[in-house]
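In this chain, numbering begins with 1 at the start of the sequence shown. Since we're looking at a predicted model, the values are computed, not measured.
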Amino acid sequence: MRLLGILGALALFSFPASAQSSTIVSSGFSSPFAVSSYSMPNGGTGYYQYHDYIYPSANASTDFALLSGGTGLLTDGIAATQSWDIGMQGAPGEEQGQFVGWYLEPTINFFFTSAIEIAHMRVNFDLSYRGAVGAPGPVTVNGVTYAVSIPGGSDPFWADFDLTGSAATNVESVRFTRGAPWLMISEVEFVTATPEPGSLVLLATGLLAVLGGVRMRRQRSPVT
């Protein structure tokens with residue numbers, strides 16, 4: 001009976017399953033659901049080199065070479081706020097900026113250390129319309145194709161893809177298409193649904209209250 005009473009009291013303090021908020025998870029943020037690695041064809045070379053040059057691979061400076069087993073610019077937690085041609089790293093022919101660029105349509109596999117339910121994917125695209133770089137085309141995530149809503153202006157922008165209801169997985173396979181000869185991506189973030197911090201505090205408070213009440217009753221019980 002005492003156990004039933006405790007369970008009943010906990011039910012009063014538990015939070016509803018629908019009380020959720022979004023938490024960003026990527027290698028640039030502190031999270032147990034960080035991207036552990038991603039694999040993809042490296043970026044290419046135009047007037048500059050648009051490789052994923054911080055990726056820990058001997059192929060990091062080779063056009064379209066396979067990169068696997070590490071992470072780089074796409075999940076470093078730094079999203080571009082200026083177009084690809086601003087803030088170059090060096091002279092023409094050298095690496096530049098925060099963008100990885102392709103004149104093909106890459107498929108990128110993002111891996112996690114455990115299976116999780118992804119609520120949203122956010123991608124930072126270049127939209128400068130300079131140097132044959134333009135808006136992206138549709139994006140396919142694990143076989144489901146999503147249109148990209150293109151804003152006005154020419155600044156880099158975040159595109160949000162609602163993946164709510166997708167099955168838990170430890171890999172997100174993403175195929176990007178081009179709406180112009182060149183595709184430029186600065187950052188990719190994944191968002192997972194987690195309990196709201198306030199709800200967790202309420203649950204913890206309720207548990208402490210129940211356990212405290214049980215302890216007090218035990219102390220007041222007569223010794224037999």
When you measure from the side chain of [X] to the backbone N and O of [Y], does any donor-acceptor pair fall under 3.5 Å?
{"X": "Thr192", "Y": "Glu117", "answer": "yes"}
{"X": "Tyr48", "Y": "Gly46", "answer": "no"}
{"X": "Ser36", "Y": "Phe111", "answer": "yes"}

Restricting to non-hydrogen atoms, name the atom on [X] and the atom on [Y] that form the minimum distance, rounded to 0.1 Å.
{"X": "Val148", "Y": "Pro136", "answer": "CG1-CG, 4.0 Å"}
{"X": "Ala180", "Y": "Ala132", "answer": "CB-O, 3.9 Å"}
{"X": "Ala80", "Y": "Pro156", "answer": "O-CB, 3.6 Å"}
{"X": "Asp160", "Y": "Arg122", "answer": "OD1-CG, 3.5 Å"}
{"X": "Asp85", "Y": "Arg130", "answer": "OD2-NE, 2.8 Å"}
{"X": "Gly153", "Y": "Leu127", "answer": "O-CD2, 3.7 Å"}

Are [X] and [Y] linked, directly or through other ILVMFWY residues, by side chains that come within less than 4.5 angstrom of each other?
{"X": "Val174", "Y": "Val171", "result": "no"}
{"X": "Tyr47", "Y": "Leu183", "result": "yes"}
{"X": "Tyr53", "Y": "Val100", "result": "yes"}
{"X": "Leu104", "Y": "Ile108", "result": "yes"}
{"X": "Trp158", "Y": "Leu74", "result": "no"}

**Message:** For Leu67 and Asp52: C-alpha separation, side-chain torsions, deciding distance, then whether side-chain contact (heavy atoms from CB on, under 4.5 Å) applies.
**Reply:** CA-CA 9 Å; Leu67 303 179; Asp52 196 340; 3.9 Å; yes
**Non-neighbouring partners of Tyr38 that pass ring-ring contact (aromatic ring centres under 6.0 Å, His included), sequence neighbours left out** =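 Checked Tyr38 against ring-ring contact (aromatic ring centres under 6.0 Å, His included); matches are Tyr55, Phe110.
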**Request:** Just jot down the ring-ring contact (aromatic ring centres under 6.0 Å, His included) partners of Phe161, sequence neighbours excluded, or say none.
**Result:**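 So Phe161 forms no ring-ring contact (aromatic ring centres under 6.0 Å, His included) with any residue.
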What is the distance from atom [atom1] of [X] to atom [atom2] of [Y], rounded to the nearest 0.5 Å?
{"X": "Ser166", "Y": "Ile116", "atom1": "OG", "atom2": "CD1", "answer": "11.0 Å"}
{"X": "Asp155", "Y": "Ser128", "atom1": "CG", "atom2": "OG", "answer": "10.0 Å"}
{"X": "Asn124", "Y": "Met184", "atom1": "CG", "atom2": "CE", "answer": "12.5 Å"}
{"X": "Tyr146", "Y": "Met121", "atom1": "OH", "atom2": "CE", "answer": "8.0 Å"}

**Prompt:** Do Asn42 and His51 have side-chain N/O donor and acceptor atoms under 3.5 Å apart?
**Reply:** no
**Prompt:** Taking atom types as modelled, is there a side-chain donor on Thr140 or Thr145 under 3.5 Å from an acceptor on the other?
**Reply:** yes
**Prompt:** Does anything in residues 173-185 pair up under side-chain hydrogen bond (donor to acceptor under 3.5 Å, both in side chains), and if so which pairs, sequence neighbours excluded?
**Reply:**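 For residues 173-185, and leaving out neighbouring residues, the side-chain hydrogen bond (donor to acceptor under 3.5 Å, both in side chains) pairs sorted by first residue read Glu105-Arg175, Asn109-Ser173.
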Taking the side chain as every heavy atom from C-beta outward, state whether [X] and [Y] have any atom pair closer than 4.5 Å.
{"X": "Trp84", "Y": "Gln98", "value": "no"}
{"X": "Ile118", "Y": "Val191", "value": "no"}
{"X": "Phe64", "Y": "Tyr103", "value": "yes"}
{"X": "Thr107", "Y": "Met40", "value": "no"}
{"X": "Phe99", "Y": "Val133", "value": "no"}
{"X": "Asp63", "Y": "Gln49", "value": "no"}
{"X": "Leu163", "Y": "Val141", "value": "yes"}
{"X": "Phe125", "Y": "Phe157", "value": "yes"}

**Stepwise side-chain contact (heavy atoms from CB on, under 4.5 Å) check, Val123 with Glu189** = CA-CA 6 Å; Val123 182; Glu189 296 176 348; over 6 Å; no
